[in-house]
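This report concerns only the one structure given below.
Here is the naming used below: chain letters follow the sequence lines, and residue numbers restart at 1 for every chain.
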There are 2 protein chains.
Amino acid sequence: MRMSEGVEWALHCCLNLAFLEQDEAVPAVKLAAFHELPTAYLTKQLQALVRAGIASSVPGPRGGFRLARAPEQISLLDVVVAIEGTEQAFRCEEIRQRGPGGGASGGIQVACTIDVAMRKAELAWRQALAAQTIADIAATVGRRYPSTPVRVRNLLATAPA
Amino acid sequence: MRMSEGVEWALHCCLNLAFLEQDEAVPAVKLAAFHELPTAYLTKQLQALVRAGIASSVPGPRGGFRLARAPEQISLLDVVVAIEGTEQAFRCEEIRQRGPGGGASGGIQVACTIDVAMRKAELAWRQALAAQTIADIAATVGRRYPSTPVRVRNLLATAPA
DNA sequence: GTCGATTTACTCGGATACCACGTGTCCGAGTAGCGGAGG
DNA sequence: CCTCCGCTACTCGGACACGTGGTATCCGAGTAAATCGAC
């Protein structure tokens with residue numbers, strides 16, 4: 001079970017964008033260069049954020065990406081779901097219904113007990129993710145490393161030509 | 001982020017084995033036929049359970065697999081880790097250290113805040129899995145579907161020649 | 001000097017190859033049980 | 001009748017192909033800005 005690395009990229013990008021003025025758009029090439037990421041592939045992840053309504057894109061010169069809403073309104077779960085999709089990691093294929101061990105002789109069983117247990121755990125994971133927002137991360141970073149926010153702003157803000 | 005379906009197979013197999021006498025070995029071909037699973041591939045998963053110390057295998061005729069310890073001592077996390085491996089889904093690649101946004105000008109940052117947040121969520125997931133055992137599942141199934149345990153026993157116990 | 005059309009350059013967006021891991025399969029090593037021969 | 005030996009058949013175990021999804025890349029569509037010319 002491996003999470004796409006695009007999630008890490010997306011989270012860092014959201015965090016960096018949170019340090020800027022909210023209506024300032026940053027082109028993908030700058031966001032990529034910031035962490036030496038492949039630009040074209042990062043664009044793909046950013047588009048996923050746009051589709052999910054987390055970020056918005058503005059085309060043309062001086063265009064780029066920006067957060068679509070306040071960092072306080074963006075949970076880590078939102079970002080993870082935007083990149084990884086909505087379906088859960090454990091997927092019950094209902095193998096218990098198949099074969100001689102299936103419900104043929106026992107009638108229709110309502111819920112797979114194993115599936116319920118696995119869903120329970122994954123729900124705990126989702127709740128833990130939903131409880132933390134990009135703003136929380138930004139606040140923690142600003143407290144632990146006060147120089148980071150200004151450095152990000154200086155490097156990502158529209159360069160002085 | 002997709003979990004291997006082998007996890008589902010392994011969980012169901014552990015559950016079925018939990019219904020039997022603990023020292024009774026069931027060959028892989030029977031466990032596979034029980035849910036119409038490909039025998040050879042299921043064997044691979046069972047071997048993983050053996051390597052993890054969850055199940056034990058006995059070779060030769062009348063051989064097969066059995067649980068290595070009591071169902072109360074087997075958590076869902078044990079099974080998931082046995083199949084999926086120990087490393088977590090979100091892996092921090094430390095991209096924050098790379099590129100102009102890295103710690104070059106800010107000194108060595110101790111912990112990646114994003115990584116900490118993601119680990120926190122995954123820890124909640126692991127704890128939720130560790131809190132549930134195969135015995136719990138078996139008990140729930142026995143309560144909701146009383147006919148299942150005896151059916152499993154009849155189908156998996158050493159057939160009358 | 002001001003307004004407007006045109007050009008230009010820059011951005012996103014989706015369509016297209018490549019690669020690794022999970023999926024599926026096979027054959028060989030090892031062992032317990034069974035049968036037969038001998039005592 | 002009991003014991004020992006050899007054989008057989010059945011099981012696990014690891015080594016070998018295949019397919020799907022993630023990874024990486026490219027080129028085209030669209031747009032805002034800058035430029036040039038006319039008024």
Side-chain angles (χ1 to χ4, degrees), chain A residues 1-10 13 17 23-33 35-52 54-66 68 80 82-85 87 89-91 93 95 156 158-159 161, chain B residues 1-10 13 17 23-33 35-52 54-66 68 80 82-85 87 89-91 93 95 156 158-159 161:
Chain A
M1 185 183 53
R2 177 187 180 143
M3 184 174 291
S4 167
E5 59 182 342
V7 172
E8 184 183 5
W9 300 1
C13 285
L17 289 175
D23 54 353
E24 185 167 9
V26 179
V29 61
K30 269 194 184 179
L31 284 171
H35 290 305
E36 288 180 353
L37 301 175
T39 306
Y41 191 31
L42 178 63
T43 301
K44 203 180 186 64
Q45 318 297 345
L46 292 173
Q47 285 172 20
L49 293 180
V50 171
R51 271 190 289 271
I54 295 173
S56 65
S57 64
V58 301
R62 298 184 59 88
F65 294 89
R66 67 186 176 207
V80 170
I83 304 296
E84 286 290 330
E87 51 192 347
F90 180 86
R91 262 161 272 185
E93 299 287 345
I95 64 172
L156 288 186
T158 53
Chain B
M1 185 181 54
R2 177 190 178 141
M3 184 174 292
S4 167
E5 57 182 343
V7 172
E8 184 183 5
W9 299 2
C13 285
L17 289 176
D23 53 354
E24 185 167 11
V26 180
V29 60
K30 268 193 185 179
L31 284 170
H35 290 305
E36 287 180 354
L37 301 175
T39 304
Y41 192 31
L42 178 63
T43 301
K44 205 182 186 66
Q45 317 297 345
L46 292 172
Q47 286 172 19
L49 293 180
V50 171
R51 271 189 291 270
I54 295 173
S56 65
S57 63
V58 301
R62 298 187 57 89
F65 294 90
R66 67 185 175 207
V80 170
I83 304 296
E84 286 290 330
E87 51 192 349
F90 180 85
R91 262 161 271 187
E93 300 286 344
I95 65 171
L156 288 186
T158 52

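Taking 4.0 angstrom as the limit, B:T43 places none of its side-chain polar atoms (N or O) nearer than this to OP1 or OP2 of D:dG13. OP1 and OP2 of D:dT11 both lie 4.0 Å or more from every side-chain N or O belonging to B:S57.
Shown here is A:R91, whose CZ atom has more than 12 heavy atoms of other residues, nucleotides or ligands within 6.0 Å.
Listed for the B:E93 side chain is no donor-acceptor partner under 3.5 Å among the backbone atoms of A:E5. Judged by distance alone, the side chain of A:E84 and the main-chain N or O of A:S4 form a donor-acceptor pair under 3.5 Å.
Note that the CG atom of B:L31 and the CG atom of B:L37 stand 9.0 Å from one another [nearest 0.5 Å]. One finds the NZ atom of B:K30 at 14.5 Å from the CZ atom of B:F65 (value rounded to the nearest 0.5 Å). The line from CD1 of A:I83 to CZ of A:R51 is 9.0 Å long, rounded to the nearest 0.5 Å.
Rounded to whole Å, the distance from CZ on A:R66 to P on C:dT11 is 16 Å. Atom CG of A:L46 is separated from atom P of D:dT25 by 15 Å (rounded to the nearest Å). Straight-line distance from the CG atom of B:L49 to the P atom of D:dG14: 13 Å, rounded to whole Å. Rounded to whole Å, atom P of C:dC10 lies 17 Å from atom CZ of A:F65. Rounded to an integer number of Å, the gap from A:Q47 CD to C:dT16 C1' is 14 Å. Regarding B:K30, its NZ atom lies at a distance of 13 Å from the P atom of D:dC10, rounded to whole Å.
Taking each heavy atom of A:D23 and A:R66 in turn, the nearest pair found is O-NH1, 3.9 Å. Nearest heavy atom pair, residue B:T39 against residue B:V29, reads CG2-CA, 3.7 Å.
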Atom pairs under 3.5 Å: protein N/O with N/O of nucleotides 30-33 of chain D:
none

Practice prompt. Any chance you could list the contact pattern along nucleotides 21-28 of chain C? Use B for base contacts, S for sugar-phosphate-only contacts and - for none, protein heavy atoms under 4.0 Å, 5' to 3'.
Written response: --BBBB--
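Within the 4.5 Å cutoff, the side chain of A:M1 has heavy atoms near those of the B:M1 side chain.
At a threshold of 4.0 angstrom between heavy atoms, the contacts of B:A28 are confined to the sugar-phosphate backbone, with no base atom among them.
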